[in-house]
Amino acid sequence: MTDEVNLLVIGQGGREFAIAKKLKESDDVAHVYCAPGNVGMPSVGVETVNISENDFASLIKFAQEHNVRWTFVGPEECLVDGIVDEFHAAGLKIFGPDARAAQLEGSKEYALNFMNNYGVPTADYVSYRDQTALLNNVDQFGYPVVIKENGLAGGKGVVIAKDHDEAVQTIKEMFASGQARIVLEEYLSGPEYSMFIVISNGHYRILPIAQDHKRAYDDDRGPNTGGMGAYSPLPQLSVSDRQRMIDEVVEPTIKGLVNGGYHYHGALYIGLILTKDGPKVIEYNVRLGDPETQVILPRLETALYQLVDAAIDDRPLPEIKESSAASFGVVLASQGYPQKPLHGQKVTLPLNSAGIEIDYANVAGTLTDLHGAGGRLLMILAQGSTLQEAHDRVYNYLEEIPLAGCFYRHDIGAKAGV
Ligand code: AMP
Ligand code: GLY
C-alpha cells in the first residue's frame, strides 16, 4: 500500500481536467486527487477534494494524510501567492515555481526586466505608477499600442488601443479601477504561438507547440479572453522558425533562470510573436496554458507522470515523444464572457460521440444535467490524422448541439488553413 503513487492536482478548470486525466492514464499511478476539481472529473477517474486552491494549510494536510507523492499546481494565483514555498517548508514535493520565480507571470514589469537582463527578445516598453506621466508619454510607440495591467488578469488585462483617444481612455479606466502600475508596450505584429517547456533546474524539455485564440469572437474580434480554442501541431510554423524560438528565446530564458539563482522546477509557458525581426516574447506564464494544455497533452506520448517525477527530483528528463496525430479543441463559453458571463444555463451535450472528448471546466450539476457556472464552460476536443480531420470532427459535433446561453468561435485553426 505504501508504494502506491498518489498525486494531487490543484485547480478546477479545463487545464486541470486535462492534466489530471493524463496523470490518471499512467499505470504507475493509483489515485489522482484534484482540489477543488470540477464535476466532470470523476468521469475520468479523478477524485475531487473539496478544498479551495488558496487554502494552503488544508492542502498540505490533505497531501500528508493521503501519502501524496507530489502535487501539480495548475493555476497561477496560488503560485504567485507562494504555495510552492509553503509545501517545501512542510517537506512536501510540488511541481511549480516558488513565489520569487512566479513573479515572471505575477508582474509584467518584473518579467520585462528579466528579459532585458538576460537578452530575451521582447517588445519595447515603459512602466508607470503615475497616470499623468504615462499620459504625457502615451504616443511614444505610435499606434496601435499595447496597454497592460501590471498584475495577474487572467489574460484579460491587456488592451490593444488603435489610436491616441482609445489609449488615453483605457489608461484612465485602468487607473480608476485600482491598478497601481500600467505597462505601455510596443505593438508586435506577426503570428502568435504558445511554447511550453518543462524545466528542472536548468534542464528542460519542450512540449508540443500550440496556438491559442485569445479574442472572444471570430476573426480575432472582441475582447481578450483566457483563450477560446487551440490546436497542435502547427503546420504553418517552419522547422527553422521553431529552432529560432529555441535558440533565441528558450535558451536565454533558461540561462537567465540559472544565473538569476532561481530553482525552477515547473512548467513555463512562453507566449511569443514571430515578428519580421524574429521571435519576441509577449509574456511568460509560470504554468501550463488553458486551453492549450487540453490539446497538447493528448499528443504527448512520453508519460507526463514520468516527466514531472523526474523534473521534481532532478533526475535526467525523459525525451519528449510527440504523436503524429493532430489535436484540436474549441471552447464553449458562457454568453457574455469575458465581461459579464451568464450563469446557470442548461448545457445539453451528447456524451458518447465517437471521436469526441469533452474536457470540463466551469460547469455545475451532473453530466446528464449540466449547467454553466460562468466563463469558459468546457472544451470539445478531437484527434485526427490531419488537423482538418480533427477540426471537422469538433465542428460537426458543435453544429448539432443546442446553444442557448453559450457561444464558441467558428474559426479556430483558420490560420493553419483548416
Ligand atoms: P498577455 O496577457 O500579455 O498574453 O496579452 C494578451 C494578448 O494580447 C496576447 O496573447 C496577444 O495577442 C496580445 N498582445 C500582448 N502583448 C502584445 C504586443 N506587445 N504586441 C501585440 N500583441 C500583444
Ligand atoms: N491560454 C492562455 C493562458 O493560459 O493564459
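Counting starts at 1 for both ligands and their atoms, in listed order. If you read the sequence from its start, that first residue is 1, and numbering goes on from there.
- Under a 4.0 angstrom heavy-atom cut-off, R287 registers as being in contact with ligand 2.
- Within the structure, the closest approach of A230 to ligand 2 does not fall below 4.0 Å when heavy atoms are considered.
- A salt bridge between K21 and E25 is absent, with no side-chain N of the basic residue lying under 4.0 Å from a carboxylate O of the acidic one.
- For atom 21 (C) of ligand 1, the candidate residues are T275, L188, T225; the nearest heavy-atom contact is made by L188.
- There is a side-chain donor-acceptor pair under 3.5 Å between S232 and R299.
- Taking the charged nitrogens against the carboxylate oxygens, R409 and D220 do have a contact shorter than 4.0 Å, which makes a salt bridge.
- Short contacts between ligand 2 and Y269, defined as distances under 4.0 Å to a heavy atom of the residue, involve ligand atoms 1 (N), 2 (C), 3 (C), 4 (O).
- At least one heavy atom of I273 lies less than 4.0 angstrom from ligand 1.
- When only modelled atom types and interatomic distance are considered, N113 and Y125 share a side-chain donor-acceptor pair under 3.5 Å.
- The contact set between ligand 1 and K214, taken as ligand atoms under 4.0 Å from a residue heavy atom, comprises 4 (O), 10 (O).
- For the pair R15 and ligand 2, the shortest N or O to N or O distance does not fall below 3.5 Å.
- Figure legend: cation-pi geometry between R100 and Y262, with NZ or CZ positioned under 6.0 Å from the six-membered ring centre and within 45° of its axis.
- The residue among D212, V146, N285 with a heavy atom at the shortest distance from atom 18 (C) of ligand 1 is V146.
- The heavy atom nearest to atom 11 (C) of ligand 1, out of those in E192, K148, E283, is found in E192.
- The aromatic rings of F95 and F72 sit tilted relative to each other, their planes meeting at an angle between 30° and 60°.
- Here R205 pairs with E319 in a salt bridge; the nearest charged N to carboxylate O distance falls below 4.0 Å.
- A salt bridge is absent between R181 and E149: the closest approach of a Lys/Arg side-chain nitrogen to an acidic carboxylate oxygen does not fall below 4.0 angstrom.
- Using a 4.0 Å heavy-atom cutoff, G227 is absent from the residues neighbouring ligand 2.
- With ligand atoms numbered from 1 in the order given, ligand 1 contributes 1 (P), 2 (O), 3 (O), 5 (O), 6 (C), 8 (O) to contacts under 4.0 Å with heavy atoms of V158.
- When heavy-atom distances to ligand 1 are checked against a 4.0 Å cut-off, I282 comes that close through both its backbone and its side chain.
- For the pair K214 and E283, the salt-bridge criterion is met [side-chain N within less than 4.0 Å of a carboxylate O].
- Of all the atoms in ligand 2, the ones that sit under 4.0 Å from a non-hydrogen atom of G226 are 1 (N), 2 (C), 3 (C).
- Less than 4.0 angstrom separates some heavy atom of K108 from each of these atoms of ligand 1: 1 (P), 2 (O), 3 (O).
- Taking every non-hydrogen atom of D212 and a distance limit under 4.0 Å, the qualifying atoms of ligand 2 come out as 1 (N), 2 (C).
- Using a 4.0 Å cut-off between charged side-chain N and carboxylate O, D309 and R315 make a salt bridge.
- Aromatic ring orientation, Y395 versus H410: parallel (interplanar angle below 30°, classes split at 30° and 60°).
- Taking every non-hydrogen atom of E186 and a distance limit under 4.0 Å, the qualifying atoms of ligand 1 come out as 18 (C), 19 (N), 20 (N).
- Polar contact with ligand 2: absent for G289 (N/O pair, distance under 3.5 Å).
- With ligand atoms numbered from 1 in the order given, ligand 2 contributes 1 (N) to contacts under 4.0 Å with heavy atoms of P291.
- Remark: ligand 2 and E292 share an N or O pair separated by less than 3.5 Å (distance only, no angle test).
- The aromatic rings of Y231 and H213 sit tilted, their planes meeting at an angle between 30° and 60°.
- Contact analysis leaves K280 out of contact with ligand 1, as no non-hydrogen atom separation drops below 4.0 angstrom.
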